[in-house]
2 protein chains.
Amino acid sequence: MILSKTCIYGILATLHLATKKDKEYLPISQIAKELDISFHFLTKILQKLTQQEIMSSYRGPNGGIALARPKEEIKLMDIVVAIDGSEIFEQCLLKLPGCGKLKPCPLHDEWGLIRKQIQEMLNQTSVASVAEKIVKNSLRLADVNPLEL
Amino acid sequence: MILSKTCIYGILATLHLATKKDKEYLPISQIAKELDISFHFLTKILQKLTQQEIMSSYRGPNGGIALARPKEEIKLMDIVVAIDGSEIFEQCLLKLPGCGKLKPCPLHDEWGLIRKQIQEMLNQTSVASVAEKIVKNSLRLADVNPLEL
DNA sequence: CAGTTTTAAGACTCTTTTGTCTTAAATTAG
DNA sequence: CTAATTTAAGACAAAAGAGTCTTAAAACTG
Ligand code: FES
Ligand code: FES
């Protein structure tokens with residue numbers, strides 16, 4: 001819910017990249033393996049992110065994918081908008097057309113408040129800050145075997 | 001997003017009913033017409049709500065659907081859980097299995113906060129209070145022609 | 001240049017969600 | 001009892017989302 005699977009995979013890959021050394025191209029095949037995502041599917045998703053210049057890619061040996069901008073400057077919101085679009089933040093909770101003050105649905109105020117918070121959270125959270133947290137607390141980006149904990 | 005179309009239609013129908021006189025059966029065909037939802041689809045959805053005893057139904061002439069309990073006692077949450085289940089409120093934003101403190105993902109805290117607010121909003125909002133608001137401010141439950149405003 | 005590695009592009013398939021349609025069962029009215 | 005009205009149940013179809021696979025193009029290696 002909220003985020004499409006495509007978008008989630010995009011976020012996971014971005015975060016994964018951000019925990020690695022900067023400026024180095026990482027092959028998609030390796031990312032896919034480490035995150036347990038289908039290689040071909042991930043390729044298609046990352047294509048979208050390179051087209052939107054969030055990532056940059058390089059073909060051939062030692063090629064792969066890298067973040068196109070400093071990770072401090074990439075917000076989660078950028079990835080979400082690049083993949084799922086910004087409609088999520090404009091849409092009525094009840095999916096009635098034309099959400100807005102002009103013709104609000106009965107839950108418009110309540111939903112507006114929550115929607116705004118989601119928006120702020122994604123806008124404020126940089127890929128760098130999440131990556132730092134991941135490294136510091138060894139958090140997961142994929143399913144983990146409980147025995148590993 | 002967040003709510004399935006099925007769930008939204010369930011909410012719309014419930015709210016619509018709540019704006020009408022209590023204890024009277026309203027034919028599904030009429031609700032479907034007023035909310036501009038496919039009659040057969042709505043029938044199927046409302047079946048689920050009657051099975052969960054949120055609504056009660058009666059067949060034959062002058063039959064239809066009515067709220068099974070006082071509308072003050074029905075919360076939006078009841079409808080959501082009846083149709084979409086409670087998994088939404090337990091699920092990881094990144095759809096990783098086993099969301100919880102034991103093996104949190106890097107967005108667990110941020111998402112937990114928002115998820116809790118959605119939960120509280122749905123839990124606190126009774127069908128009666130929304131219905132009252134609809135009547136008082138003549139709010140819409142379906143698409144409306146802007147010219148009508 | 002030939003062969004290998006890697007992304008790009010797009011056709012194709014599978015699954016889930018959404019929506020339609022048909023038939024059956026209950027209830028009422030005459 | 002018969003005909004009309006209404007929900008119940010479930011098969012079926014269409015659309016969207018998720019995922020697979022094949023072929024092409026770019027870049028490097030020797
Ligand atoms: S009109 Fe429904 S949330 Fe704005
Ligand atoms: S583990 Fe991701 S939100 Fe809880």
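Residue numbering restarts at 1 for every chain, and letters A, B, ... go by the order of the sequence lines. The shown structure was predicted, so the numbers you read here are calculated from the model rather than taken from an experiment. Only this structure's heavy atoms are used, side chains among them; waters, hydrogens and symmetry mates stay out.
The distance from atom CG of B:Asp84 to atom P of C:dT18 is 8 Å, rounded to the nearest whole Å. At whole-Å resolution of the value, CD1 in A:Ile45 and C1' in D:dT20 are 13 Å apart. Computed from coordinates, the A:Lys48 NZ to C:dA8 P distance equals 14 Å when rounded to whole Å. Atoms NZ (A:Lys5) and P (D:dT20) sit 11 Å apart, rounded to a whole Å. Rounded to an integer number of Å, the gap from CG of B:Asn62 to P of C:dT27 is 14 Å. Atom OH in B:Tyr58 sits about 18 Å away from atom P in C:dA25, given to the nearest Å. Rounded to an integer number of Å, the gap from CG of A:Leu46 to C1' of C:dA9 is 15 Å. For A:Leu49 and C:dA9, the CG to P distance is 14 Å, given to the nearest whole Å.
Here the side chain of B:Arg115 pairs a donor or acceptor atom with the backbone of B:Gln91 at under 3.5 angstrom. Counting only distance, with no hydrogens or angles, the side chain of B:Ser129 and the backbone of B:Thr125 share no donor-acceptor pair below 3.5 Å. Of the possible donor and acceptor atoms, one in the side chain of A:Lys95 sits under 3.5 Å from a partner among the backbone N and O of B:Leu3. At distances below 3.5 Å, at least one donor-acceptor pair connects side-chain atoms of B:Arg140 with backbone N or O atoms of A:Lys103.
Distance from the side chain of B:Thr43 is smallest to D:dA8 among D:dC21, D:dA18, D:dA8. Nearest to the side chain of B:Ser4, among D:dA9, D:dG19, C:dT18, sits C:dT18. Nearest nucleotide to the A:Gln47 side chain, out of C:dA9, D:dA9, C:dT27: C:dA9. Among the nucleotides D:dA18, D:dT6, D:dA8, the one closest to any side-chain atom of B:Pro27 is D:dT6.
At a threshold of 4.0 angstrom between heavy atoms, the contacts of A:Gln51 are confined to the sugar-phosphate backbone, with no base atom among them.
Both A:Leu3 and B:Phe39 lie close to DNA chain D; mapped to their nearest nucleotides by heavy-atom distance, the more 5′-ward contact belongs to B:Phe39. Mapping B:Pro61 and A:Ser38 onto DNA chain D by nearest heavy atom places B:Pro61 closer to the 5' end of the strand.
Applying the 3.5 Å distance criterion, the base of C:dT27 shares no donor-acceptor pair with the side chain of B:Arg59. You'll find a donor-acceptor pair under 3.5 Å spanning the side chain of A:Lys44 and the base of D:dT20, going by distance alone.
Contact annotation: A:Thr6 side-chain N/O to D:dA18 OP1/OP2 distance is under 4.0 Å. In this structure, A:Tyr9 does not reach the D:dA18 phosphate: none of its side-chain N or O atoms is under 4.0 Å from OP1 or OP2.
Both B:Leu26 and B:Leu49 are assigned to one and the same hydrophobic cluster, defined by single-linkage of ILVMFWY side chains at heavy-atom distances under 4.5 Å.
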